[in-house]
Amino acid sequence: MDMTFTEAPLGGQAYDQYGHPYPEFTQKVCRAADAVLLGAVGGPQYDNLDRPLRPERGLLGIRKDLGLFANLRPAVLYPELANASTLKPEVVAGLDIMIVRELTGDVYFGQPRGMRVNEEGEREGFNTMVYSESEVRRIAHVAFQIAMKRQKKLCSVDKANVLETTEFWKEIVIDVASEYPEVELSHMYVDNAAMQLIRNPKQFDVMVTGNIFGDILSDEASMLTGSIGMLASASLNETKKGLYEPSHGSAPDIAGKNLANPIATVLSAAMMLRYTFDNEAAAQRIENAIKKVLAAGYRTGDIYEEGMKRVSCSEMGDQIVAAM
């Protein structure tokens, strides 16, 4: 398939060039594109900027601007990397979880929010956790549809015993479930889900949850695989236009040293081919190439173990290309 690439800055680089983490130039490029493949956005030099100008605001901005409400975060442990996980190999070997995270609601976007002085004269910070019925329904449909293509098991994660917002979430998910009678739906409180991901992660297949819980649980799940450098993600809107990015951050301590693990970004490109361009064959070709390279013993530093072939970021990329 033919693809045309256009580059645009976001986050820290965008601030350096345009004075804003999601400038108008980047907005126009991303709105016109069929999909966006994104790198990491920040660095410590931006920590003291005013909050609206910080690199992460570029991420929140593009998600809202493009309507990217469904975040897909697979956590897959390749057999060759079972020893890279901090958990026992028998606990994580064969792990294959998909976490579906709602991305444009919850406390990250709810209004009102801010900092103020209360009636007692004390400073306080406040955020609003809120979900509309349509927001919960659309993310639930995405999760059920993914579950239908996998093991037909879906676990909805909430805190319905404490938070009315997630009690409402649970109610809507149960209602949507009636449209997917083949899918086995279960529910779990978020604190228990966090514990169960460590205790017995293979009990899960697809998990669906809100923005803040999904942020935390997907990062926890990523470490079951041994390295966050192995994990891709996709964020989709209602037309399947997607933002694809590795789950890791910018890692400023190794920036420019050719040490990073490129596999998460390569796998993100595979997800782009699968979910936006409906090219399953091309996606599998990339994923199979990565499996071949790992089976041949090539490892970047984050997943290296004794007896393997340690390679740089660019060398790992070259090996994947060669395997294709």
Side-chain angles (χ1 to χ4, degrees), residues 1-11 13 29-30 33-41 72-85 94-96 98 222-223 225-236 240-324:
M1 62 185 291
D2 293 327
M3 300 185 72
T4 301
F5 294 87
T6 304
E7 292 192 4
L10 188 115
Q13 184 185 15
V29 170
C30 293
D34 296 311
V36 178
L37 184 63
L38 180 69
V41 299
L72 313 184
R73 290 278 294 266
V76 178
L77 180 60
Y78 292 88
E80 296 83 1
L81 300 181
N83 289 326
S85 175
L95 180 71
D96 185 352
M98 176 67 80
S222 74
M223 292 315 299
T225 68
S227 172
I228 200 169
M230 294 294 300
L231 296 181
S233 75
S235 301
L236 307 177
K240 291 202 300 183
K241 180 171 182 169
L243 172 75
Y244 299 88
E245 58 181 319
S247 297
H248 58 71
S250 54
D253 57 321
I254 61 171
K257 298 180 181 179
N258 200 20
L259 297 176
N261 186 342
I263 291 179
T265 298
V266 178
L267 285 171
S268 296
M271 292 186 76
M272 178 177 68
L273 291 167
R274 173 173 291 119
Y275 290 107
T276 293
F277 296 109
D278 290 321
N279 195 330
E280 180 64 26
Q284 288 190 14
R285 185 180 175 197
I286 292 173
E287 292 164 351
N288 289 336
I290 290 171
K291 292 176 183 177
K292 288 179 184 177
V293 170
L294 293 174
Y298 293 98
R299 303 285 190 274
T300 47
D302 58 314
I303 54 174
Y304 177 77
E305 58 182 303
E306 198 66 35
M308 298 293 107
K309 305 168 189 175
R310 188 171 188 143
V311 294
S312 67
C313 176
S314 59
E315 288 169 338
M316 178 62 85
D318 290 342
Q319 289 296 330
I320 294 169
V321 171
M324 291 177 65

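Everything numeric here is computed off the predicted structure, so don't read it as measured data.
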Main-chain N/O of [Y] paired to [X] side chain as donor or acceptor, under 3.5 Å:
{"X": "Ser250", "Y": "Val41", "value": "no"}
{"X": "Lys241", "Y": "Ala33", "value": "yes"}
{"X": "Thr276", "Y": "Ala35", "value": "no"}
{"X": "Asn258", "Y": "Ser314", "value": "yes"}
{"X": "Arg310", "Y": "Arg299", "value": "no"}
{"X": "Ser233", "Y": "Glu245", "value": "yes"}

On a heavy-atom basis, which atom in [X] and which in [Y] lie closest, and how many Å separate them?
{"X": "Ala234", "Y": "Met271", "answer": "CB-CE, 3.6 Å"}
{"X": "Leu38", "Y": "Pro246", "answer": "O-CD, 3.3 Å"}
{"X": "Leu231", "Y": "Val76", "answer": "CD2-N, 4.1 Å"}
{"X": "Ile320", "Y": "Ala289", "answer": "O-CB, 3.7 Å"}

Between [atom1] on residue [X] and [atom2] on residue [Y], distance to nearest 0.5 Å:
{"X": "Ile263", "Y": "Tyr78", "atom1": "CD1", "atom2": "OH", "value": "7.0 Å"}
{"X": "Tyr275", "Y": "Lys240", "atom1": "OH", "atom2": "NZ", "value": "10.5 Å"}
{"X": "Ile286", "Y": "Lys291", "atom1": "CD1", "atom2": "NZ", "value": "13.0 Å"}
{"X": "Leu72", "Y": "Ser268", "atom1": "CG", "atom2": "OG", "value": "11.0 Å"}
{"X": "Leu294", "Y": "Met308", "atom1": "CG", "atom2": "CE", "value": "10.5 Å"}
{"X": "Asn261", "Y": "His248", "atom1": "CG", "atom2": "NE2", "value": "7.0 Å"}

Are side-chain heavy atoms of [X] and [Y] found at a separation under 4.5 Å?
{"X": "Leu236", "Y": "Tyr244", "result": "yes"}
{"X": "Leu10", "Y": "Val36", "result": "no"}
{"X": "Gln319", "Y": "Lys309", "result": "no"}

With sequence neighbours excluded, what pairs up with Ala255 under the side chain to side chain contact (heavy atoms under 4.5 Å, CB included) test? none

Side chain to side chain contact (heavy atoms under 4.5 Å, CB included) involving Pro262 - partner list, sequence neighbours excluded: Thr300, Cys313, Met316

Presence of salt bridge, Glu287 and Arg274, under 4.0 angstrom: yes

